[in-house]
Every structure is written in C-alpha cells, then in structure tokens.
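Fair warning: this is a prediction, and the values are worked out from it, not measured in the lab. Reminder, nothing fancy here: chain letters follow the sequence lines and each chain counts from 1.
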There are 2 protein chains.
Amino acid sequence: MSATSQPQPPSPALIFDTLNAYQRTAALHAAVELDLFTAIAEGKKTPRELAARIQASEKGTRVLCDFLVIIGFLTKGGNDYDLTADSSLFLDRKSPAYLGSITEFLAKVGQETGAFNDLAAVVRKGGTVIGEEGTVSPDNPIWVNFAHTMAPLMFRPSDLIAKIIGADSGQKWKVLDIAAGHGLFGIAIAKHNPNAEIVALDWAAVLEVAKENAQKAGVANRYSTLPGSAFDVGFGSSYDVALITNFLHHFDVQTNEALLRKVHAALAPGGRAVTLEFVPNEDRVSPATEASFSMMMLGTTAHGDAYTFAEYDRMFRNTGFARSEIHELSPLPQRVIVSYK
Amino acid sequence: MSATSQPQPPSPALIFDTLNAYQRTAALHAAVELDLFTAIAEGKKTPRELAARIQASEKGTRVLCDFLVIIGFLTKGGNDYDLTADSSLFLDRKSPAYLGSITEFLAKVGQETGAFNDLAAVVRKGGTVIGEEGTVSPDNPIWVNFAHTMAPLMFRPSDLIAKIIGADSGQKWKVLDIAAGHGLFGIAIAKHNPNAEIVALDWAAVLEVAKENAQKAGVANRYSTLPGSAFDVGFGSSYDVALITNFLHHFDVQTNEALLRKVHAALAPGGRAVTLEFVPNEDRVSPATEASFSMMMLGTTAHGDAYTFAEYDRMFRNTGFARSEIHELSPLPQRVIVSYK
C-alpha cells in the first residue's frame, strides 16, 4: 500500500488479475497434490531439484513456484525457493499443523459441485442452484469428507474455545455438540475438563469420524452420540454447554430460531450456547475472510449467510437467551459468540 | 501493508482465501453478465434498487455487492454501493473504455477449456493437457472470439505504441502486423501516420474482424491482409515496422527464433520489430501481472512462457537484430520491446 493520497492512474490490472484468480486456487491445489511444500521443507530449492523430487517437469515446477511466490506462499532468492512461515507451518506434510487436507473439502464444496459455474443465476435466485438444499441435504456425504479433511483447521480454534468458556475450571459439565462433524470442539472441552461429558450429534456416518477422534484423544469413555438431524432428534436436557460450530450459517433466520429454541430448552439454568461462526462486522465487508463467507453460503446453500453479531444477538434474544457476547480468535478467522440462558 | 517489522502470528487466512479465489473470478463474471456496474453508474445504490434494475434477488445482489467491495471493485457507505474510479471507467457499459467483453475471452481460454482443471498434471507434463497445441492450433475459433472481445483492452496500448515508435512523424512506412487479431495495433499506426500502409496477417476468419475495424477507423484504403499461419505465409519484404503483439509468448524459443529470422529478412535496412508482451523482471516474480502470465501460458499452450527481457534480447540477437530496447506502458500491464535490424 502506498502512503500517498494521490489518486492512482486508471489501470485494468485488477480486472485482469480477478478474471485469472481461479488460477490461484488451481495453483495451491496442484502444489498440495504434488507435495511441493514438503519437498522444499526437505531442502530442495531449485526448479531442477524440486522437479526431480515431485516427479514433474522442470519448467512446470519453475512456473508453479514463481506463481506461488507472487501469491504469497513462497519466497525466492536467485533461483532458490523457500517456504514462508505460514507455508512451513501449514503446508509441509510433516508439520503437526498441516492443513493440506482442507484443500480437498473446499474443492468439493465449491468447485466440484459446480455451485459457482453460473453465479449470475445464483444471484438472480438468491441461493444455490445445485438442488433444493445445496450442501445441507440429509446425509449428504460431503459432511463425512468435511469431518475427515477439515479437522486440522479446527485444532487451534477448538482449544481456544475450551479456554474462552473456562473448561479448565473442571466443573461437572454436560456438553451437547450440535453438528459435531470431526468432534474436535467437544473433544477439546473433554480434554481441558476431566469432569465434562460430551454428547455429539450429527449424521450417523459423520459420528463415526467423531468417535474415532474421541478414542484417539483418550476421552471416549465420556463421549456419547445422537445420530440424526439437529432439527429432528431430541437433545435431552440439563446441558451446561451447547456447542453450535459452523452450523447456523447454512440456514435462514427462522430455521435458526427454531433450532435455538430447542437449544434453549435443553440447557440447564445458567447454561450457555457457544457459537463459532464467520461473523462479519456490521458493515458486512470486513474482516475480509469473515465477510466474504456470505458468498460461499450464497453459492452452496438455499438460505445461508454470514450473519453479523447484531443478527445473531437478535436470534438468541428472540429464542429466550438473556444476552450474548462476542470473542475474537484473532489472528485466526472466525469469532465465538457465547449466549447465556 | 503494515509498517511494522514484527513477524505476523501464523494464520491460515491466506490458504483459505486462495482456496476460494475462484469465487473472485465468478463474482466479476456474474457482475458483468448482470450489468451491475452499469446499474450503479445509473444511480442505483442499495441492494433493493439494484436488484430491481438487474432483475435479481435482493439477497443475492447484496452478497455480490459486498463481495465486490471486499475484492476492490466497489465502495460502500451505509447500505449504498458506489463505483471505484477503475470500475467507473472500465466496467460501466456506457463508458467508452468499457472492458466487460474481455471477461468472455478470458473465461473461454482459461476456464471453459478446462485447462486448469488438473494443474498438477500440467506441471508434471510442463505444458497444456488440452490437446497437442492447446489454444494455438490452426484456425482455432478462440482467436475470432479474441479479436472481438479483447479489442477494448488494447486501445490504449495500441495508441501508446504508435507514439513510442514515432508514427506521428508521418514518414512513408510499410507496416507488417503479425497475428493482427482485432487489428488495433496496425490501425493505430495508420491513424497516427497518414503515410503508413498496413499489411495484417492472421487466420482468414480473424482478419474479417481486423478489416471491419480498419473500415470503422477510416484506414481501409491503406489496409491489406495476408491470410494464414505466420510460420508458413510469405511476408513480402521492405517493411519499416513489424508488429509482433501478444504472439511470441505462445511458443518455445526455437519456434520464436524461426519466426524472428523471417521477420528480420522481411524488414528493410534500419527496420524495427515492435513486440508487445508480458515481460517479467529478471526475477520472474515481478511485476505480478506480467510474471503470473507464465501460468496462463503453462496451462493453455504446449511450450509458451512469459519471457524476460534478457531472453527476448537473446532471441532477437540470435536472429540478426542489432539491438533491442524495452519501453514501459505503466500503469498499464505489459511492455514494448523495439528491436532494430
């Protein structure tokens, strides 16, 4: 960014760059598939060395690496490429924080479904054009894939949420994890609080992934499951905490309020609903990651959205909650809303 | 950019943003198709007003507009959207500099061909996987589309090039326009220099577009054509200027040198080859628009590339040219190389 306030002369560069932006997505997918970042972490630096390691052409490797420098995933000095701090942490397959698997889910949900192939039609309609309910149809196999692939992205948020809600205090808690997916949010609470019992709700096939993760985390003896739709299955009662993570963005306000009424009824007095969401500021255009998530929901769901805190606050008040407060996970995207019965 | 030198804490935001970058391309395509920018230029400002004008849903319109704010094409104040200076100039259909049509060509060349659907395979191979020659196959109809749709992007560069080479001096010139496409580069010289005669070379179907443009520009009486492949058709001789615009990037060095030998032979003593190209700096990663064009060539051609000035200079010296000089078109992307016989 230039510090000057002089107007820039007109340029078609942003138009050109945006019309080719799909190549950024393709380049990151290709680099992860070829395990290019891991090869660089192993000490291969030049196009020739890297090409030999990833079994690709030297020219293709050079062009891909240069492109990854331009879009911020590598650095370059002379003919040598190196990882950025973020690429080293998240894209080297040998890193414990490796996120390569999320490329698979995001490709499936956004691209392989064709959800954005005719975005003008989506804008005309006001929702997805890939079937009635888009990705939230019953037992959609995409959520098993989600549970498998997106877990790595959620380790840090799940740990942060357990801390935000004071799981370390060790109180006897009954926790409902709605649309648990990989189960990491409930599991993190069980790990922080040895007196927490977790009840995980999701499609039966998805719960197999959550149960496996609970087993790995050593909390399976305090982990039970409720298979089915969050809108239909009975929750039980007297929960201290209800986790609603990355779920409400799929639905319209009326549907969310029906769910939140059920959640309110299932909470013990003083219980809390804990919502992890893409929550843009009231201007709806910042922060960029949170705000642009409304486009993902427009393209892939019938009625979903990235709701503002004011909108969530209203949904919770309308359904009986006393008050809600918002917590940042910064520098991670997403925010946490804690709502009190 | 922050002025601080403190390291940023790790964040998956760039990975997430890049995996969704294809939505930027989709959003700009949709906005152009829906003529959203023109509606805003007409004074429609709110999602409701805009939705009524573009015959779309209010929600879809709001989400699209917010997304266009995030990626730099609109501004927002309260619920009102407005155009940026560049959007006003290039994306309002009523602007004489309207560039909306280039969205069509860039979608065709990059996306509809599927050239980037399996970029890992492209990197392995070192060139396009969509047929032997990608987009440069004989008489590929994509170039008629190119000639129709990309002309608006080339008005300013063609005018600048005419000035750079001194067309206004009015000398008697014979100009060869190789792979003329829409013809604008030769036509601009004819407009600046009333004593210039233009010979345009391209596939016969493409030349129909160039001839139409020459007619519109009032220079048809100094405009003749050579239909066929630049590699096969006889150029004739004694040219003062040979235009080679956005052509050499499609081929390997050997193929380019064969062409440049033909060009050298066709030039009069003291004649000049004038090349418009995406020419990255020697680091191959800047400027971003020029440097990232190597990815477009990797995906869509068998052997093309974004060559550096050192590489072009060598090709011209190897084929008999005395020297080459490079000119900036800044702030426009692309650069001009003038090579002297």
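A donor-acceptor pair under 3.5 Å links the side-chain atoms of A/K76 to the main chain of B/D283, judged by distance alone. Judged purely by atom type and a 3.5 angstrom limit, B/K59 uses its side chain to pair as donor or acceptor with the backbone of A/H303.
Checked against the 6.0 Å centroid threshold, B/F67 and A/F293 do not count as a close aromatic pair.
Using a 4.5 Å cut-off between heavy atoms, B/L99 touches chain A through its side chain atoms alone. In this structure, the portion of B/L89 lying under 4.5 Å from any heavy atom of chain A is its side chain and not its backbone. Proximity to chain A is absent for every atom of B/M297, based on heavy atoms less than 4.5 angstrom apart. In this structure, chain A has heavy atoms under 4.5 Å from both the backbone and the side chain of B/A27. Contacts between B/P333 and chain A at a heavy-atom distance below 4.5 Å involve the side chain alone, from C-beta outward. Heavy-atom distances place both the backbone and the side chain of A/L14 under 4.5 Å from chain B. Only the side chain of A/L153 comes within contact range of chain B, judged by heavy atoms closer than 4.5 Å. Both the backbone and the side chain of B/A288 come within less than 4.5 Å of a heavy atom of chain A. Looking at A/A291, both its backbone and its side chain come within 4.5 Å of chain B, counting heavy atoms on both sides. In this structure, the portion of B/L34 lying under 4.5 Å from any heavy atom of chain A is its side chain and not its backbone. Contacts between B/L91 and chain A at a heavy-atom distance below 4.5 Å involve the side chain alone, from C-beta outward.
Using a 4.5 Å cut-off on side-chain heavy atoms (C-beta onward), A/M296 and B/Q23 make contact. No side-chain heavy atom of B/I15 sits less than 4.5 Å from a side-chain heavy atom of A/D86. In this structure, the side chains of A/T25 and B/N20 stay at 4.5 Å or more apart for every pair of heavy atoms. The side-chain heavy atoms of A/M295 and B/I70, taken from C-beta on, include no pair separated by under 4.5 Å. Counting heavy atoms from C-beta on, the side chains of B/D17 and A/R24 never come closer than 4.5 Å. At least one side-chain heavy atom of B/R62 sits under 4.5 Å from a side-chain heavy atom of A/R284.
B/Q55 CD: 12 or fewer foreign heavy atoms inside a 6.0 Å radius. Counting heavy atoms of neighbouring residues, nucleotides and ligands inside a 6.0 Å radius, atom CG of A/D80 exceeds 12 of them. Atom CD of A/Q254 has 12 or fewer neighbouring heavy atoms from other residues, nucleotides or ligands inside a 6.0 Å radius.
The minimum heavy-atom distance between B/R156 and A/P10, with the atom names listed, is NH1-O, 3.8 Å.
Atom CG in A/N117 sits 9.5 Å away from atom OH in B/Y22 (nearest 0.5 Å). The OG1 atom of A/T18 sits 11.0 Å away from atom CG of B/L106, with the distance rounded to the nearest 0.5 Å. Distance check: A/L64 CG to B/L298 CG gives 8.0 Å after rounding to the nearest 0.5 Å.
The greatest number of non-hydrogen atom pairs below 4.5 Å with chain A, out of B/L36, B/T103, B/T289, is found for B/T103. Interface check for chain A: of the options B/L332, B/D305, B/I54, the most heavy-atom pairs under 4.5 Å are formed by B/D305. Interface summary for chain B: among A/A56, A/P12, A/S57, A/A85, the most heavy-atom pairs under 4.5 angstrom belong to A/S57. Of the listed residues B/T84, B/D66, B/I102, the one with more heavy-atom pairs under 4.5 angstrom with chain A than any other is B/D66. Counting heavy-atom pairs under 4.5 Å between each of B/G72, B/G299, B/S87, B/S292 and chain A puts B/S292 at the top. Annotation: maximal heavy-atom pairing with chain A below 4.5 Å, among B/G78, B/G77, B/A21, occurs at B/A21.
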Task: Step-by-step ring-ring contact (aromatic ring centres under 6.0 Å, His included) determination, B/F278 to A/F16 - done: CA-CA 13 Å; B/F278 293 89; A/F16 198 74; 5.7 Å; yes
